[in-house]
Every structure is written in C-alpha cells, then in structure tokens.
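Labels below follow one simple rule: chain letters A, B, ... track the order of the sequence lines, proteins then strands, and each chain is numbered from 1.
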Number of protein chains: 2
Amino acid sequence: MSEPVTIRQVAAAAGVSPATVSRVLAGSPRVDAGLAARTLAAVDELGYRANRVAQALRTRSTGTVGMVVPNIANPFFPIVIQAVEKELRQHGARLLLCDSGDDVAEEAELISSLLDHRIDGILLSPCDRRASQDALRRAAAQVPVVQVDRFALKDFDYVGVHQEDAMGLVVAHLIEQGCRTFTYVTSNLAASTAAERHRAYVRAVRDIDSYSERRVHEGDHSLAWGQEAARQILEEGDLPDAIVCASDLVAVGVLDRLRGLGIDVPNDVLVTGFDATVLARVAWPSLTSVRQPLEEIGKLAVQVVLETERSSRVGRTWLLPAELIIGDSTKKIHELPSQARSKKTGKKSIRQAVPKS
Amino acid sequence: MSEPVTIRQVAAAAGVSPATVSRVLAGSPRVDAGLAARTLAAVDELGYRANRVAQALRTRSTGTVGMVVPNIANPFFPIVIQAVEKELRQHGARLLLCDSGDDVAEEAELISSLLDHRIDGILLSPCDRRASQDALRRAAAQVPVVQVDRFALKDFDYVGVHQEDAMGLVVAHLIEQGCRTFTYVTSNLAASTAAERHRAYVRAVRDIDSYSERRVHEGDHSLAWGQEAARQILEEGDLPDAIVCASDLVAVGVLDRLRGLGIDVPNDVLVTGFDATVLARVAWPSLTSVRQPLEEIGKLAVQVVLETERSSRVGRTWLLPAELIIGDSTKKIHELPSQARSKKTGKKSIRQAVPKS
DNA sequence: CTGTCGCGAGAGAACGATTTCTCGCGGGGG
DNA sequence: CCCCCGCGAGAAATCGTTCTCTCGCGACAG
C-alpha cells in the first residue's frame, strides 16, 4: 500500500543533503549537532528505515547468511538452525535457509542461487562428502564458507564434533554392558558424519573377541528405514547383543519394529541412537544416545563465517566435545554366560514367529 | 576471491550493449538471432549470473519471502518450513527464516527487519493473537502477508485448519471410549490455535453429564511443561478419565511423568496429543493425536502470498481438513461402572505414593 | 526519388543507498 | 593584510541491473 520513505525525502524534510542523512545515521564523527538533531527528527517523523537492498548494492554486503542443510525434518537440524538464527540476529544478520533434500544437484543449485543473492557467507552441511566438493569450492571462491556438522573438504573451515570419539563412547559403553556381538544400522555413508561413525564403529568392534563381521545396513535418516532395518536384522538370524544406530530417528524406527514383534529392549537386545534429540528422551525405552552441543555448533559457525575475511582461506577445524547420554535402552542387568545363552534361545523362538515377507 | 562477472563485461565480450544482454536473458521477443547467440555464448563463456541485489533494486522484487515462526524446535514447524521452502523453490524464490521465540517484541522487530530487506511477502505465525496485531498490520501495509497456522486478524489472509473441529474430534473420540471426566493441559492461550482448541474443548466437555470444571493448566509447548502439568494434576486429587493436551510435545511430557510414577496409560488414564508429529508415533504408548496437513498448509500459504497483488487485501481464509490419528494412548477396553470405580481406587493409592514436592 | 514508418539496438536514466570529491568559509599564521 | 589550510556539508559518481527513450537504417508507399 504505502511506499517506503527514501533517504531523499528525509533529506528534503530536514533541509539537508542525502549524504548528511547517511552520515548522521552511520554515526559519522564530524557532523554539526544542529543538523544531526534535525535529521534525526525527520527520520523519526517520517519513520525512515534504510532500504537494505540499495545498501547492499552499494556496500557489497547484504547482512544475510545462507544455510543449506540436508533435511530440516530431522530433529537434529532445527536446533542448530535455531542457534544459528539467534546468533545471526545478535549480529544484525538474517538467515536464508535451504533444504537440499540430501540431493547433490539441488544442493549445488541452491548454493549458486545463494551466491546470486550475494549472501555474506554460507553455512553448509554437505550431503555428500565427495560429490559436494565442487559446489563447496565454487562457493568458497566467492564468500566465506563454513562446513557445519558434516564436511566435504578439510581445507575449508569446519565446525562439528569428533564423530569417531563419540561413536567410540557408544561402543565402549555397550562393551562395558557385556555386549559381544553387534549390528550396525547406518544411514547413507555419503554423509561425512555417517562415514566417520561407521569407521569408528568398525574399529571399536573388530577387536572384540567374539566379533564376527555383521551386515551393515544402509538407508536414510528416517523412521521407515529403522523399521526396515530391524526387519532385515531379524531375517538374518540370531539377534546381536546390541544394535547400534547412526541416528535417533533410525533407532526409534528400530525400537518400534522390535516392539511390534514382541522383542524386549534392553533385555533381548540393546539399542543405541545418536544425536540425543528429543526423540531419544521420548522413546520407550529412552535411548542411549550421544549429545552433540548443537547450540554451540550453530553459534560458533556463525561467528566464524561472519568474522572470516573473504580472502583468508585457512581450513580451520573446530571440534566440540560430545557426551554420552545413557538411557534405558542399554540398562541391562549383567548376565552370566549361561543366562546369555538361554536368552539367545528365547530370541530364536521369537524369530520363528516372524512371518517372512 | 574472484569478483563476479557483471553484465557490462558480458556485453563487452559479446560486442553488444548491456541492454541487449538483459533483453536476451529475459527472453525478449525481438532480438536478432545472431546477437542473441553471441551474447549467450559470452554468458556461457564468462559464467555470468545476474546480481540479484541489483536486480531487486531495479525491479522492486527480491525473489525472497520472509517467514516468522514462534519456535523452530517444536517439531510441528520444521515440516511446514520444509514445505514452504520447497514450494518457494518451485517459484524460484528463497526463504528468510526467523524464530520469534514466542516473543511479541522480537516478532515485531523481525518483521521490520524483513521489510527492510524488501521481501516479496511474509508468512507469519503470530505468537500472540492480540499483541501481534499491530506488527501484522504494519507488515500488511507494505507487502502481502499470510497468516499460517496461527492468526491474529481475520481481515488478512489465513491458512490453517479448523482447530475447533479438530479438537472436537479428540473429545468425541474420548467420550466414545467412555471417558466422563477430563483435564486439559494447554500451552499459552495467547496463541490463536491454543485459544481455539481450548474453547472447543470446553464446549465439547461441558455437556457431558458428569462433567465438572477441572483446572486448566497453562504453560508453553515443551516437554518440561508437560511433566510439570502431570505433577500438578496428580496433586489436585483424583485422576480424570482422560488428559487432553494441546500439543504432542506437552503430551509426551505428561506421558513421561505418569510413567515415572507408575501410572499406566491408557489403563489408568487416557492421554491425547495434538499435531501428530513424529513424537506421537515414537511415544510409548503411541499418542492419539490430530494430524494437520502441514505440507499442504505450507504449500498453499506460499501460493497465496506469491499470487497476491500488493494492493488486494481481502482477508481470505483457507481451512484445511484435519484428521484424528488414533494411537495406543486411548485404546482402552470399555469398562463397567464397577471396574471404573475400582480403577479409581487404584489410582488413589498410586497418588498417595507420590511425594509432595 | 523522397518522406515516413517501423523495428532493432544502444544510450542513458532510473532504483536508493554510500562515499569520494569538491567547494566554500572561517581562522590562524606569515 | 593576505594566503593557506582544514573542516563541514553538498554535488555527484557509483554499485549492477532494467527499461524507456531515442536514433539510425531499411523498406515501402506516394
């Protein structure tokens, strides 16, 4: 309806030049006090607010940061996004949010589009640690880029947690609980986090005496995939002592399926998640999971991206500490070998009740 | 590092004027085929992409839409946001996302900031159905505004679901299950959705024979509030037949607390949620809840905001159908009066075991 | 043969800010 | 007394587009 006020109108109203209005608003040191007062009065009177588009064109800074995440619906990301948005606001900046849907081509297009919009920086959670490299490099040639949570190239800034250590905590805990056989349910290994977690899992588990190679299941971060993975595990044969999942979302899917088949967690099998989202708390039994400091990750990523000069490409890495959250899904009473054996029998009889589909 | 290519450089390379380059790229009808080919070659050669900031300044359209939501962390919103972002992309537009944190002042500031950025429209989920009105009106004076999920003013466009009908479904279901006494746990009634749900609840419940006014608990949409509300309910006296919650987040908090105190859902008390988020599926027992067509809401809101002329202020309303999702939290075996009485006794003895804090 | 009309493309004016450059005025020093 | 320097504020260029306006050329008609 109403056209916004321009700086010329303010200048006219105050009887000064547009340049002076700009100077006053920028807090330029040497302006006559009388003029300043007059212009401020006019600004107030007319309700003037600078057009940030024009500002951006002139100053080459939009006060805007782009963020590309693989999937907003994964409860992991909203927390990071919230922290990012909050920290950006502290710096007077706004967030352009994009969901790549875990698709490399989409991701590349979104990045190009963000560059077209002349964002001041990009926060990227690359969906594919190799296929996303090109887009990442292209972006970094234009603006500061910080990789968040996931990464694709070591020679660009990265904020996240040491996934291998974190997964190490999980497996160590399970071993401490007496587990000797494991199955891993992962999401797509193209994501750096998934790859690192998997690597750490393999490393931690291959030294266990009774370890035998178990099939690794690969799907996406979804409830449906967790359910499907549980079905596959049951079809394969004996239940392992523990099912280690790459995310809470997958783990709750697994839990759901196991429960549907009458398999008890943690008494028949232990299950772990990852990310310590609200799902882990709400699930029954509550999930043992790994809490990553999501707020800190988001906040730090913003600070890094805003404070990086466009020229300095350092490839710094910030690794924040993760924390094991122990839930009911791994609170098993320690068993003697004989008990463990009878447990297996019990599981087998359950398995036979499962209809092959 | 590298400065982006400008239209002048393309023009120079192609031996034409900037105007012609612009025309060619815009697909203007009458341009010489030879020139067009040359410019396209130059565009390709130099990898030219138009500066959307300059474009925006000239055309008065940024290809950007702002969205302000009360709390990204509530699993309800990411789904809407995802749909919004997806639909915007279909139209070549980007999303500026803001989290008001359910704070009216923040919300107002965010809206002003979005207007400064000359977004092409605003999607707003007003945190307070009265206090947000001013900001809403101010925004609507500048750009098309669509209220999403929550609303503050009837005379501006709104996309959501008929909350009263939806809550009606819940209560009707509970009555069908034999419930006669209820307690309602709501979030802050400043949100229009919360207010409507509450109103519908009161209306549906006041005609039940044995209905007696029960305390309504008010807090925010959080797990913690659900836990606290459950504690309060237990302190009050007899358990009701059903606890009706204003959102899944609150309901899972209630469930968690009840479970901690050894109260069985649904056998001791029925519990319902709202929103049918992933939490409702994951919870144990799975929650009876109301599914709102979140994707459709997001998609429609975008279509409305993008197709609305800046001048036309109609105050249209789109109400999409909601659906009752019945979970295990209300699957009660119908009881005879005598059984119901013994149930109450059982509850009382449980209550006595609750430590007063 | 000449005047006019139409079409295609370049020149240039916006868009609304910031910022450099320039100019005028006042004061101080030679 | 005059010149120069410095400071404060306005004029104007600039950012990179789009789009109107104008101009030139060719063709067709009178």
Side-chain angles (χ1 to χ4, degrees), chain A residues 2-40 42-43 46-64 92 113 115-120 142 310, chain B residues 2-40 42-43 46-64 92 113 115-120 142 310:
Chain A
S2 64
E3 283 298 319
V5 182
T6 72
I7 203 172
R8 314 201 95 80
Q9 301 176 23
V10 176
V16 298
S17 76
T20 298
V21 177
S22 176
R23 276 189 282 254
V24 169
L25 261 41
S28 176
R30 328 190 160 280
V31 270
D32 181 77
L35 286 195
R38 249 160 62 207
T39 57
L40 285 178
V43 163
L46 299 176
Y48 170 73
R49 305 203 104 222
N51 180 336
R52 304 223 54 176
V53 174
Q55 236 171 12
L57 181 61
R58 180 64 233 245
T59 64
R60 314 177 142 264
S61 161
T62 53
T64 283
S113 169
L115 292 174
D116 292 347
H117 278 91
R118 296 296 188 271
I119 33 71
D120 293 341
Q142 306 252 100
R310 263 186 68 238
Chain B
S2 64
E3 283 298 318
V5 182
T6 72
I7 205 172
R8 315 199 95 80
Q9 300 177 24
V10 176
V16 298
S17 75
T20 299
V21 177
S22 178
R23 274 190 283 255
V24 169
L25 261 40
S28 176
R30 327 191 161 281
V31 269
D32 181 77
L35 286 196
R38 248 162 59 207
T39 58
L40 285 178
V43 164
L46 299 177
Y48 170 72
R49 305 202 104 223
N51 180 336
R52 304 222 54 177
V53 173
Q55 236 171 12
L57 180 60
R58 179 66 236 242
T59 64
R60 313 174 143 266
S61 161
T62 52
T64 282
S113 169
L115 292 173
D116 292 347
H117 278 91
R118 296 296 187 272
I119 32 72
D120 293 340
Q142 305 252 100
R310 266 186 67 238

To the nearest angstrom, how far is [X] atom [atom1] from [N] atom [atom2]?
X	N	atom1	atom2	answer
B:Gln55	C:dC15	CD	C1'	13 Å
B:Asp32	C:dC7	CG	P	15 Å
B:His117	C:dG16	NE2	P	17 Å
A:Leu57	C:dG16	CG	P	12 Å
A:Leu25	C:dG16	CG	C1'	14 Å

Looking at side-chain heavy atoms only, is the closest gap between B:Arg49 and B:Pro4 below 4.5 Å?
no
Could you check whether any side-chain heavy atom of A:Val16 comes within less than 4.5 Å of a side-chain heavy atom of A:Val21, counting everything from C-beta outward?
yes
Can you see if the side chain of A:Thr6 gets near the phosphate of C:dG16 - specifically, an N or O under 4.0 Å from OP1 or OP2?
no
Between B:Thr20 and C:dA9, does any side-chain N or O lie under 4.0 Å from OP1 or OP2?
no
Testing the basics here: between B:Leu57 and A:Val53, what is the closest heavy-atom pair and its distance to 0.1 Å?
N-CG1, 3.6 Å
Closest non-hydrogen contact found for B:Leu25 with B:Tyr48 is CD2-CE2, 3.5 Å
Interatomic distance, NE2@A:His117 vs OG1@A:Thr62, rounded to 0.5 Å, equals 9.5 Å
Just verifying a value: how many Å separate A:Asn51 CG and A:Arg58 CZ, rounded to the nearest 0.5 Å?
15.0 Å
Considering only side-chain heavy atoms of A:Arg58, which listed nucleotide, C:dA9, C:dG16, C:dG10, is closest?
C:dG16
Identify which nucleotide among C:dA9, C:dT18, C:dT20 has an atom closest to any side-chain atom of B:Arg23, counting heavy atoms from C-beta outward.
C:dA9
Taking five pairs at each terminus, the helix from C:dC1-D:dG30 to C:dG30-D:dC1 shows an axis bend, to 10°, of 80°
Sugar-phosphate, base or nothing in reach of [X], heavy atoms under 4.0 Å:
X	result
B:Ala19	base
A:Thr59	sugar-phosphate
B:Val53	nothing
B:Arg60	sugar-phosphate

DNA chain D: 5'-most and 3'-most nucleotides touching chain A, 4.0 angstrom heavy-atom criterion
D:dG8 to D:dG16
Could you check whether A:Asp116 pairs with B:Arg52 (Lys NZ or Arg NE/NH1/NH2 to Asp/Glu carboxylate O, under 4.0 Å)?
no
Closer to the 5' end of DNA chain C via nearest nucleotide, is it A:Ile7 or B:Val16?
B:Val16
Not counting sequence neighbours, which residues clear salt bridge (Lys or Arg N to Asp or Glu O under 4.0 Å) with A:Arg8? List them please.
none
Side chain to side chain contact (heavy atoms under 4.5 Å, CB included) with B:Arg23: which of B:Leu35, B:Val31, B:Thr39?
B:Val31
